[in-house]
Amino acid sequence: MDIKDIVKKPIFFERNRVYRIYLGGKPYKEIFNDANTYDDGTDNMFPEEWVASKVKAINPKYFGKRDGVSVVKGTEIFFDDLLAEYKDELLGHRKYDCLVKFLDSAIRLPFQVHPNKEFSRKHFNSEYGKTEAWLVVAKRPGAKLYFGFKDRMTKELLSELEDRSETEKDIMTGILAGVDANVGDIWLIKAGLIHAIGAGCTIIEVQEPTDFTIQPERWCGDYHISYNEEYIGLDKQTALDCINYDIYGEKAISFAKVNPTVKIDTPSYKKEVMISYEDTPCFGEVRHTVKDGGEFTMDFAPSVYICLDGKAEVIGEGYSKKIKRGDYFYLPFVAEGKFKIMSDTQAILIECLPSKQD
């Protein structure tokens with residue numbers, strides 16, 4: 001296999017299931033439908049699929065050399081190594097600074113918050129926080145999402161509730177503002193907004209390229225969260241400063257809700273901007289729907305594409321590859337404008353873009 005040829009075309013990856021401290025993943029058997037080791041139709045401890053990832057997971061236990069980092073399909077090449085070695089072809093003068101995931105939860109995840117860039121720079125020596133966006137792609141009965149506290153909260157009271165959560169395992173559910181999860185809904189969770197994914201939600205998550213998660217709650221289902229896992233190495237008082245206490249109630253829900261903007265709408269092709277650079281400069285997200293011979297050119301790179309539904313074909317000069325629901329790939333910089341997506345039937349593709357480029 002010629003690596004110099006690989007880096008000039010859409011790059012596909014081996015499955016990249018990541019261990020977490022919560023159960024999930026049951027819907028992946030239907031979504032991916034490729035006999036993956038973890039996709040037996042039951043929930044397990046590998047509920048996230050990290051897509052075209054250069055990010056190493058932060059975990060209490062590890063299962064490989066570089067958990068979280070994608071491996072190029074048919075090789076043993078880690079994607080972060082490929083990006084470093086073939087920077088001109090893969091990145092050009094641009095950055096690829098987002099992380100894309102499938103995430104499925106069988107239980108409510110710990111309520112959590114992510115740092116902004118300034119906090120990360122000061123405490124983690126990183127230029128990235130963890131602003132993220134959720135697209136709900138499937139749900140189980142009663143699925144909910146949580147954004148912000150129901151009522152005004154103080155750092156002191158939250159610290160006390162965190163202590164109480166040791167013996168009152170579900171105390172935090174009652175203080176968060178919940179909404180029903182609906183397939184197709186888009187949510188933007190900016191740094192500082194307290195939030196949680198409820199039981200029964202399958203989402204595509206686009207985020208800044210870190211795994212910085214502060215979760216001031218002692219339990220995740222039956223898993224006891226250690227102090228270090230709660231605060232990722234910070235002391236409690238410093239970690240709790242990461243939260244924006246001024247956003248709560250309906251204000252928090254409206255703060256997170258995003259509505260797509262239709263840019264093109266024809267009988268055979270529809271383009272919707274779900275997350276724009278006006279919403280956040282951290283990343284972008286676009287939904288493309290093609291059918292009945294419709295097509296579109298992939299006109300920006302680097303970017304990541306996920307086939308969310310249906311079947312399509314990736315076409316370029318001397319290149320043709322059929323894709324189906326659950327397939328995904330990275331489009332290198334040198335491939336910009338040279339490949340298109342076409343479907344004789346119907347397909348929905350999600351395009352994930354890096355931060356706003358200079």
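As a basis for the values below, the full set of heavy atoms in this structure was taken, side chains included, without hydrogen atoms, waters or symmetry mates.
- If you look at Phe147 and Trp134, their ring centroids are closer than 6.0 Å.
- Within a 6.0 Å radius of CD in Glu278, other residues, nucleotides and ligands contribute 12 heavy atoms or fewer.
- As a member of the Ile/Leu/Val/Met/Phe/Trp/Tyr network built from side-chain separations under 4.5 Å, Met342 groups with Ile315.
- The other members of the hydrophobic cluster of Val71, by chain and number, are Val69, Phe78 (side-chain heavy atoms under 4.5 Å, ILVMFWY only).
- For Phe212, the ring pair (Phe, Tyr, Trp, His ring centres under 6.0 Å) partners at least two apart in sequence or on another chain are Phe124.
- Judged as a salt bridge (Lys or Arg N to Asp or Glu O under 4.0 Å), not a single pair has a partner in residues 342-355 (not counting sequence neighbours).
- Counting heavy-atom neighbours within 6.0 Å of Asp265 CG, excluding the residue itself, gives a total above 12.
- Residues satisfying the ring pair (Phe, Tyr, Trp, His ring centres under 6.0 Å) criterion with Phe329, sequence neighbours excluded, are Phe12, Tyr305.
- Applying the ring pair (Phe, Tyr, Trp, His ring centres under 6.0 Å) criterion to Tyr22, with sequence neighbours excluded, gives no partner residue.
- Counting only residues at least two apart or in different chains, side-chain hydrogen bond (donor to acceptor under 3.5 Å, both in side chains) contacts with residues 249-264 are absent.
- The environment of Lys311 atom NZ is sparse: at most 12 non-hydrogen atoms of other residues, nucleotides or ligands sit within 6.0 angstrom.
- A donor-acceptor pair shorter than 3.5 Å cannot be found between the side chains of His114 and Gln207.
- Residue pairs meeting the salt bridge (Lys or Arg N to Asp or Glu O under 4.0 Å) criterion with at least one member in residues 205-221, sequence neighbours excluded: Arg20-Asp211, Lys101-Glu205, Arg108-Glu217, Lys117-Glu208, Glu162-Arg218, Asp163-Arg218, Glu166-Arg218, Arg218-Glu230.
- Using a distance-only test at 3.5 Å, with no hydrogens or angles considered, no donor-acceptor pair links the side chain of Tyr146 to the main chain of Ile175.
- Taking Ala143 as the reference, Lys139, Ala181, Cys201 meet the side chain to side chain contact (heavy atoms under 4.5 Å, CB included) condition, with sequence neighbours excluded.
- Shown here is Lys291, whose NZ atom has no more than 12 heavy atoms of other residues, nucleotides or ligands within 6.0 Å.
- Partners of Arg287 by salt bridge (charged side-chain N to carboxylate O under 4.0 Å, His left out), not counting sequence neighbours, listed by chain and number: Glu272.
- Judged as a side chain to side chain contact (heavy atoms under 4.5 Å, CB included), and not counting sequence neighbours, Asp292 has no contacts.
- Judged as a ring pair (Phe, Tyr, Trp, His ring centres under 6.0 Å), and not counting sequence neighbours, the contacts of Tyr96 are Tyr330.
- By the criterion of side-chain heavy atoms lying less than 4.5 angstrom apart, applied directly or through intervening Ile, Leu, Val, Met, Phe, Trp or Tyr residues, Phe283 is grouped together with Leu83 in one hydrophobic cluster.
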